[in-house]
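Reviewing the structure listed below.
Below, chain A is the first sequence line, B the second, and so on; all start at residue 1.
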Protein chains: 2
Amino acid sequence: MTSAPKRRRRPDARPDEILDAALAVFSAKGFAAARVEDIAREAGLSKGAVYLYFASKEAMLNGLVEQSAGELAKGAEQLVALGAPQDPETAFRGLLRMLFAAMGDPDINAAPRLVFAEAGRFPEIAAHYRSQVLDVARRALRALLAAGVESGAFRDVDADAFMRATGGPGIAHMALTSIFGFPPDQLTDPAEMADALADILLNGLKPRVPAL
Amino acid sequence: MTSAPKRRRRPDARPDEILDAALAVFSAKGFAAARVEDIAREAGLSKGAVYLYFASKEAMLNGLVEQSAGELAKGAEQLVALGAPQDPETAFRGLLRMLFAAMGDPDINAAPRLVFAEAGRFPEIAAHYRSQVLDVARRALRALLAAGVESGAFRDVDADAFMRATGGPGIAHMALTSIFGFPPDQLTDPAEMADALADILLNGLKPRVPAL
DNA sequence: TGTTTATAACTGACCAGTCAGTCAGTAACA
DNA sequence: TGTTACTGACTGACTGGTCAGTTATAAACA
């Protein structure tokens, strides 16, 4: 932006810059159709320079996924660990709010979207995401559920159904908004959306009152 | 397989055969990385022959999506229309069972998976799926919800949150099983999974009993 | 016979990855 | 201070291979 000299010496920042550019291009065109030259241009470099930092196009994809997986896993674990023991219901509401905020933001959900689209063709990526993100999320949700059951806030529902009930709507939200351009009819704000969903799920998780 | 003559005349069956083959190859490699010659071989033809039936690779993708969208929309509409007026709860359970059975079966969910992965790059496909599948599903769910509210079985929750709460877990199930190879810990059977989820959601949708 | 259905060889465009060379900066010396 | 020698980040043209779509030709029918 500011009159930067053409040759800037900052090799330590380059890998991240290239990964940012790669995410943008992969996200727009998909891995196979993305051209390395486009990534290079987006990063303000020539194609050759990109190969000084990454051995191949696939290495960029791997780097990208690793980065994103790390962030996601950290976020999920932190959030649940923070709120779970004290107040499972509030922690659950917070988790859904965070999930919908993230999944509704095209900048944030770009990486998960990419993983969704490409993981089928890259077993290594699928395995990495599974162990670094999904397994972590499952453990966190399991802990949250257990805490809720112990405190009497939740019924002892199946953990895998609980995981699908919690994470699924977030994925649906992502797909509807960022892939299909589906605007919600009523609830524009992701936080309201999250609260409406929390309202359904928390009610569903409550121990059944023996009425009716 | 069986000693079929090399030149068989059955042009009326060809388009569907080619679409089947295209789905298999697109699903395995993604649209961009799929080779038309692979599709042709999978269909037992030469590449040139494929171009007698489809003008381009993209035309195959379009045909595929159109076919799949038609089936999905029909299924969703029928199921809800059948059960809604009489017994919304039972209809909802049936819908979830059907959803999980479909989303858990790699043969059936191949087309939706493909659409998920590619719709971002093909606005026409996204628009088609949206109008032919998503809008139809939304209407159907809205009707089911309204019927449930009227009969007193459901609370009057937000329709879009309801849509995400219902469809989302199905998508999550698809992703976990077919993309990430995530085996459920407890519930192997999709029908059990659907019932566990219905248990959570139906309880959540019930009018709140003023206790606690 | 003419028409339909198919093939296989071909073309032209495209692109991942390479590499010989360029240039900005820097440091040591005079 | 100006000069020389050096480094390593960067460039862009090139190569080798791939693949969508075309076409000349032929077999199978009617």
Under 3.5 Å, sequence neighbours excluded: what are the donor-acceptor pairs made by side chains of residues 122-137 of chain B?
| residue | atom | partner | partner atom | Å |
| --- | --- | --- | --- | --- |
| R130(B) | NH1 | G181(A) | O | 3.1 |
| S131(B) | OG | A127(B) | O | 3.3 |
| S131(B) | OG | H128(B) | O | 3.2 |

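- Near-neighbour residues of DNA chain D inside residues 59-68 of chain B, defined by a heavy atom below 4.0 Å, are absent.
- Partners of R93(B) by side chain to side chain contact (heavy atoms under 4.5 Å, CB included), not counting sequence neighbours, listed by chain and number: A198(B), L202(B).
- By the side chain to side chain contact (heavy atoms under 4.5 Å, CB included) test, A146(A) pairs with no residue at all, sequence neighbours left out.
- Aromatic ring pairs are classed by plane angle as parallel below 30°, tilted from 30° to 60° and perpendicular above 60°; the pair F31(A) and F26(A) is tilted.
- In this view, L95(B) and L79(B), V80(B), L141(B), L144(B), T166(B) satisfy the side chain to side chain contact (heavy atoms under 4.5 Å, CB included) rule, not counting sequence neighbours.
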Nucleotide N/O of nucleotides 15-17 of chain D paired with protein N/O under 3.5 Å:
none

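- Scored by the side chain to side chain contact (heavy atoms under 4.5 Å, CB included) test, S56(A) finds E58(A), A59(A) as partners (sequence neighbours excluded).
- R121(A) meets the salt bridge (Lys or Arg N to Asp or Glu O under 4.0 Å) test with E118(A); sequence neighbours excluded.
- Contacts between residues 18-37 of chain A and DNA chain C, counted as heavy-atom distances below 4.0 Å, involve A34(A), R35(A), V36(A).
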Cut-off 3.5 Å, no hydrogens considered: what does the side-chain donor-acceptor table look like for residues 96-117 of chain B, sequence neighbours left out?
| residue | atom | partner | partner atom | Å |
| --- | --- | --- | --- | --- |
| R97(B) | NE | D195(B) | OD1 | 3.1 |
| R97(B) | NH2 | D195(B) | OD2 | 2.6 |
| D105(B) | OD1 | D107(B) | N | 2.8 |
| N109(B) | OD1 | R113(B) | NH1 | 2.4 |
| N109(B) | ND2 | M103(B) | O | 2.7 |
| N109(B) | ND2 | S178(B) | OG | 2.9 |
| R113(B) | NH2 | S27(B) | OG | 3.2 |

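- Sequence neighbours left out, not one pair with a member in residues 161-183 of chain B passes salt bridge (Lys or Arg N to Asp or Glu O under 4.0 Å).
- Rounded to 10 degrees, the angle separating the terminal helix axes of the helix from dT1(C)-dA30(D) to dA30(C)-dT1(D), each built from five base pairs, is 10°.
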